[in-house]
Protein chains: 2
Amino acid sequence: MNPQRRGEETRSHILRAAEECFARYGYDATGVAEICRRAGVTKGAFYHHFPSKQAVFLELLDRWLATLDAQFAAVRAGAKDIPEALLRMAGMVGRIFEEEGGRLPMFLEFWSKAAHDPMVWQATISPYRRYRAFFTGMVEAGIAEGTLHSVDPEVAAGAIVSLAVGLVMQGLMDPQGADWGEVAQEGVRILLEGLKSREKE
Amino acid sequence: MNPQRRGEETRSHILRAAEECFARYGYDATGVAEICRRAGVTKGAFYHHFPSKQAVFLELLDRWLATLDAQFAAVRAGAKDIPEALLRMAGMVGRIFEEEGGRLPMFLEFWSKAAHDPMVWQATISPYRRYRAFFTGMVEAGIAEGTLHSVDPEVAAGAIVSLAVGLVMQGLMDPQGADWGEVAQEGVRILLEGLKSREKE
DNA sequence: AAAATCATACCAACCGGTCGGTATACAAGG
DNA sequence: CCTTGTATACCGACCGGTTGGTATGATTTT
């Protein structure tokens, strides 16, 4: 087989195995040996493709953030209206929890690692701020188009992101505790109710 | 000195040192030796007072949850109105971030540990569910007293807790990224705006 | 043969936890 | 008051096991 192709495959095998382990056991509790075992590869191959365990983690982080980017952009582009866009995003939550709930624990892993590791923090914080800016832009657009009433867009965006982050966290910790898809849907609806422009209070 | 009193002091020294280390470096990255160094005791003393490193962690968790309990109950009791109670709780956020911001990273540590460790999960999830129930009760009370319009109390409570959790998370990751106290205040205000009872939309 | 890819064997460091032993306080008995 | 006994608090060297990472050789492809 083509060696480059072969190399790429082992690489992705390692990535997939690492993702699974990190999500299931956590970063520290996952040994390189275990990753290799699951990937059907030896340590030699592992350290041929990645300089360190952390490098694998960071690449996983990058990829995850990239998919988030794409999803957000797609939803916004497909909606005619800011409220509609937000509601659709909320609607995605339920589906996400069902379909790739297995990959979600990585989110927590990223977050908690970033709190202590400067490199991970660097890699996390900048995309995160982009998301905040993204939602700020949405709120501004909503105000401009007249569907939202005048509020500080940054603050409103902060609240929206808080809702999202909190939703993911709770869904991770207590999946059976509630229908998180519904909570997301309804939470955004309530938030929108408070944001929608209307004559007077 | 009284030996029992002395014992209690070393015990609390260990607890304080461990809290600091866990918050700064994370649970796994913190060695028992480091905790002992900061506490000014030896390993012998450590394992005399605690059966394991995890036991220290769990005790820290218990204490933290107990203070949360007290604060919530106090605020609710002191408010004449559900919306007022929620707004006051939001107002506490800024103060909390300033005053004991140093202890907050433990929150993340608890959360991420709970995701992988059944014992920690057990210790975390039950108080957490109490909080959800607490807020559910508040929403129900708000509906009963007529200040909130009729919504599913469980769902609304889920949204409120999400906002809170997300707020803490963001404040932890990006303290300078925003005035989280203000975001909390305004976020709850918006949420309340969507929850308040009014004639017609 | 040169380069890329992977396997095997191995290491040095670290870490949670143990253990034999010491020091101090205190109560009882003489 | 002094001795003896005992429980608590504490010390610090040490151990078994694990882990991230490395060194080196084999194999395959071009």
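By convention in this document, chain letters (A, B, ...) are assigned in the order of the sequence lines, proteins followed by strands, and residues within each chain are numbered from 1.
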**OP:** Scan residues 21-39 of chain A against DNA chain D and write down, sorted by residue number, each residue with any heavy atom closer than 4.0 Å; if none is found, say none.
**Re:** A:Thr30, A:Gly31, A:Val32

Original post:
Ignoring hydrogens and angles, does a donor from either the side chain of B:Lys53 or the base of C:dG17 sit under 3.5 Å from an acceptor on the other?
Top reply: no

Subject >> Spacing between B:Tyr47 atom OH and D:dA13 atom P, to the nearest angstrom >> reply: 17 Å

**OP:** Is it possible for you to check whether B:Lys53 lies under 6.0 Å from the centre of the six-membered ring of B:Tyr27, through NZ or CZ, and within 45° of that ring's axis?
**Re:** yes

Original post:
Which nucleotide sits closest to the side chain of A:Lys43: D:dT22, C:dG16, D:dC11?
Top reply: D:dT22

Subject >> Phosphate OP1/OP2 of D:dC10: any B:His48 side-chain N/O under 4.0 Å >> reply: no

Subject >> Over all atoms of both residues, closest heavy-atom pair of A:Leu86 and A:Ile160 >> reply: CD1-CD1, 4.1 Å

Subject >> Non-hydrogen side-chain atoms of B:Leu65 and B:Tyr131 separated by less than 4.5 Å >> reply: yes

**OP:** Check the distance between D:dC10's P and B:Phe50's CZ and give it to me in whole angstrom.
**Re:** 11 Å

Subject >> B:Arg11 CZ to D:dC10 P, straight-line distance once rounded to whole Å >> reply: 11 Å

**OP:** Using whole Å, report how far CD of A:Glu9 lies from P of D:dT29.
**Re:** 14 Å

Original post:
What integer distance in Å separates B:Gln54:CD from C:dC15:P?
Top reply: 18 Å

Original post:
Of the nucleotides C:dG16, C:dT8, D:dG21, which has the atom closest to the A:Thr42 side chain?
Top reply: C:dT8

Original post:
Are any of B:Thr10's side-chain N or O atoms less than 4.0 Å away from OP1 or OP2 of D:dA9?
Top reply: no

Original post:
Does a nitrogen or oxygen in the side chain of A:His49 sit under 4.0 Å from OP1 or OP2 of C:dA4?
Top reply: no

Original post:
With B:Phe22, which of B:Phe110, B:Phe57, B:Phe107 fulfils ring pair (Phe, Tyr, Trp, His ring centres under 6.0 Å)?
Top reply: B:Phe57

Original post:
Any side-chain hydrogen bond (donor to acceptor under 3.5 Å, both in side chains) pairs touching residues 159-169 of chain A, not counting sequence neighbours?
Top reply: A:Ser162-B:Gln170

Original post:
Are a donor atom and an acceptor atom from the side chains of A:Glu145 and A:Thr147 found within less than 3.5 Å of each other?
Top reply: yes

Original post:
Atom CD of B:Glu8 to atom P of C:dA25: distance rounded to whole Å?
Top reply: 18 Å

Subject >> Stepwise side chain to side chain contact (heavy atoms under 4.5 Å, CB included) test for A:Val56 and A:Phe46 >> reply: CA-CA 10 Å; A:Val56 176; A:Phe46 182 97; 3.6 Å; yes

